[in-house]
Asker: 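Right, I'll just put the structure down here and ask away after.
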Amino acid sequence: MSRPCIALIADPTSPEECSEYLADAVELLTGAPPVRIDSRHFESGAAEDDGVTGVTGATGVTGAAKATGRGVRDGGRLRLQVPQEGLDFVPDIVVLYEIPPHRRRALAGFQELLDHPDVVTLGTGPDAWRTATEKNLTVERFRRDGIAQMETAVLSRPTAREAAEAFERLGGDTWARPVVGTGGNDTFHVTTPARLAEATAYYAGHGTDWMLSRDAGNFTADGLRHQFRVFVLGGRVVHAREHLQPAPDTPCNTCQGATPVHIDPSDLSPRLTELAVAATGSVGLPFAGVDLAVENGGVVFEVNVQPAFVDGELDTVAVPYIKAHLDAYARTVSGRRTARQPHLTQVMATGRRGFTAPA
């Protein structure tokens with residue numbers, strides 16, 4: 001089998017640098033770098049032009065990319081064209097990753113185009129992305145599927161009284177966070193009416209829907225706030241880490257100062273393993289990073305569509321993720337060969353000249 005052509009499509013404005021890990025993983029596994037494309041070239045809706053179904057970029061995108069990209073179905077294959085970058089090629093595999101949450105909706109049309117039998121990609125369905133990205137939808141999905149979570153109220157421009165009622169109902173020790181956010185930003189540990197008023201005014205000023213959740217009491221015996229990030233791929237845990245946060249009023253994200261401690265999947269508790277796999281399946285993703293706490297019998301905080309990597313996760317997360325694409329591609333190629341295989345016959349000694357039967 002020849003070396004596949006891999007397109008790595010990511011947003012270079014993201015500070016997480018996941019695409020660097022993924023590019024290294026591609027080169028380690030295939031011996032060649034991927035074709036790297038700025039995802040903003042494909043921010044648009046679906047379009048049809050001269051009978052060729054595709055996605056054409058919209059105008060007005062700021063930054064280096066001006067959304068000039070286009071994906072077209074060409075002779076049964078998907079062709080990617082980015083005139084601004086001089087790109088025009090047919091990928092075998094598309095890795096779509098490191099898309100900031102607030103930009104994901106603009107890629108929905110392109111994601112639908114990736115649902116094509118002759119291009120391999122994992123976990124790019126827009127519905128699953130939206131369910132995991134918009135946390136109010138995640139909460140609803142978890143309730144439907146019985147996934148354990150902390151009690152949560154979803155608030156949309158609430159009055160001061162509505163916010164206070166939710167705060168009191170949740171016990172007066174809560175976390176406020178935006179419905180769409182990243183990295184623990186714009187999050188408040190709300191334990192007083194004054195802090196609640198501050199959070200309410202902040203979200204109102206930004207026109208943001210938000211959620212208020214009961215605090216999980218997730219502390220270690222040493223008094224550190226902690227949670228677990230569990231990476232699920234293809235229905236199994238491939239890696240995990242514990243985040244230790246010395247600041248009790250700060251989220252347990254590594255970008256917020258939490259220290260990651262790597263955990264082998266075999267050392268993760270069966271309850272957290274079960275919850276992480278169930279939560280990933282609930283939102284409809286084949287790969288995700290699930291944030292959980294072991295307290296309260298085990299609860300899920302959120303499912304990350306494209307979890308960030310930290311030092312040490314090239315081999316444990318990025319490589320398995322790319323290998324899953326390569327394995328899927330190998331199955332696709334094998335399927336094509338089987339479909340093209342001619343019907344074989346063999347002569348049978350029946351006494352009738354020329355009689356044949358299927359082999």
Asker: Would you give the length of the straight line joining atom CZ of F142 to atom CD of E302, rounded to the nearest 0.5 angstrom?
Answerer: 9.0 Å

Asker: From I9 CD1 over to I99 CD1, what is the distance, rounded to the nearest 0.5 angstrom?
Answerer: 8.0 Å

Asker: Check E43 with R40, please: is the shortest side-chain N to carboxylate O separation under 4.0 Å?
Answerer: no

Asker: Thinking salt bridges, do E313 and R229 make one under a 4.0 Å N-O criterion?
Answerer: no

Asker: If you count heavy atoms of other groups shown closer than 6.0 angstrom to CG of D267, is the number above 12?
Answerer: yes

Asker: Hey, are R3 and T30 close enough side-chain-wise for a donor-acceptor pair under 3.5 Å?
Answerer: no

Asker: Is there a side-chain contact between V82 and T68, using heavy atoms and a 4.5 Å cut-off?
Answerer: yes

Asker: Going by an N to O cut-off under 4.0 Å, is there a salt bridge joining R143 and E140?
Answerer: no

Asker: What's the separation between atom CG in L212 and atom CH2 in W175, rounded to the nearest 0.5 Å?
Answerer: 12.0 Å

Asker: Does a side-chain heavy-atom distance below 4.5 Å link F188 with L196?
Answerer: no

Asker: Aromatic ring centroids of Y329 and H325 under 6.0 Å?
Answerer: no

Asker: Do N136 and D209 pass the side-chain hydrogen bond (donor to acceptor under 3.5 Å, both in side chains) test, and can you show the C-alpha distance, the side-chain angles, and the key distance before you say yes or no?
Answerer: CA-CA 9 Å; N136 57 325; D209 290 351; 5.8 Å; no

Asker: My understanding is that only one of H239, E242, R241 makes a side chain to side chain donor-acceptor pair (under 3.5 Å) with H262; could you say which?
Answerer: H239

Asker: About how many Å separate OG of S156 and CE of M211, when rounded to the nearest 0.5 Å?
Answerer: 12.5 Å

Asker: For side-chain contact (heavy atoms from CB on, under 4.5 Å), just list the numbers for R157 and Y203, CA-CA rounded to whole Å, side-chain angles, deciding distance to a tenth of an Å, and then say yes or no.
Answerer: CA-CA 8 Å; R157 282 88 168 160; Y203 296 126; over 6 Å; no

Asker: In terms of heavy-atom contacts, does CD of E151 have more than 12 from other residues, nucleotides or ligands at under 6.0 Å?
Answerer: yes

Asker: Any heavy-atom pair between the side chains of D92 and I6 that's under 4.5 Å?
Answerer: no

Asker: Determine, for R103 against D11, whether the closest basic-nitrogen to carboxylate-oxygen distance falls under 4.0 angstrom.
Answerer: yes

Asker: In plain terms, say whether R105 and E134 are close enough for a salt bridge, that is, a side-chain N and a carboxylate O under 4.0 Å apart.
Answerer: yes

Asker: Among T250, D215, D249, find the one that has a side chain to side chain donor-acceptor pair (under 3.5 Å) with R225.
Answerer: D215

Asker: Determine whether a donor-acceptor pair (N or O, by modelled atom type, separation under 3.5 Å) exists between the side chain of D222 and the backbone of L224.
Answerer: no

Asker: In Å, rounded to the nearest 0.5 Å, how long is the span from OG1 of T254 to CG of L244?
Answerer: 12.0 Å

Asker: For side-chain contact (heavy atoms from CB on, under 4.5 Å), just list the numbers for R70 and L80, CA-CA rounded to whole Å, side-chain angles, deciding distance to a tenth of an Å, and then say yes or no.
Answerer: CA-CA 6 Å; R70 179 172 174 80; L80 298 180; over 6 Å; no

Asker: Has D115 got more than 12 heavy atoms of other residues, nucleotides or ligands less than 6.0 Å from its CG?
Answerer: no

Asker: Any side-chain heavy atom of R214 sitting closer than 4.5 Å to one from D173?
Answerer: no

Asker: For the ring pair H243 and H226, is the centre-to-centre distance below 6.0 Å?
Answerer: no

Asker: As a quick check of understanding, evaluate side-chain hydrogen bond (donor to acceptor under 3.5 Å, both in side chains) for R141 and S282, giving each step before the final call.
Answerer: CA-CA 7 Å; R141 185 63 59 85; S282 176; 5.2 Å; no

Asker: Looking only at heavy atoms, what is the nearest atom pair of L292 and V230, with distance?
Answerer: CD1-CG2, 3.5 Å

Asker: Give, for atom CG of L275 and atom CZ of F228, the distance between the pair rounded to the nearest 0.5 Å.
Answerer: 12.0 Å

Asker: Other residues, nucleotides and ligands only: do more than 12 of their heavy atoms fall within 6.0 Å of CZ on R144?
Answerer: yes

Asker: Charged N to carboxylate O under 4.0 angstrom, D186 versus R177?
Answerer: no

Asker: Are N296 and V299 side-chain neighbours, meaning at least one heavy-atom pair lies under 4.5 Å?
Answerer: yes

Asker: For Q306 and L96, which heavy atoms make the closest approach, and how far apart are they?
Answerer: NE2-O, 3.4 Å

Asker: Are the side chains of P307 and F287 in touch, meaning some heavy atoms are under 4.5 Å apart?
Answerer: yes

Asker: Any chance the rings of F309 and Y97 have centres within less than 6.0 Å?
Answerer: yes

Asker: Side chains of R236 and V277: does their closest heavy-atom pair fall under 4.5 Å?
Answerer: no

Asker: Given side-chain contact (heavy atoms from CB on, under 4.5 Å), test V26 with L8 step by step and report yes or no.
Answerer: CA-CA 9 Å; V26 168; L8 174 55; 5.7 Å; no

Asker: In plain terms, say whether R331 and D327 are close enough for a salt bridge, that is, a side-chain N and a carboxylate O under 4.0 Å apart.
Answerer: no

Asker: Is any side-chain heavy atom of R77 closer than 4.5 Å to a side-chain heavy atom of V119?
Answerer: no

Asker: Identify whether the distance between the nearest side-chain nitrogen and carboxylate oxygen of R169 and E165 falls below 4.0 Å.
Answerer: no

Asker: Do the side-chain N and O atoms of N185 and Q256 include a donor-acceptor pair separated by under 3.5 angstrom?
Answerer: yes

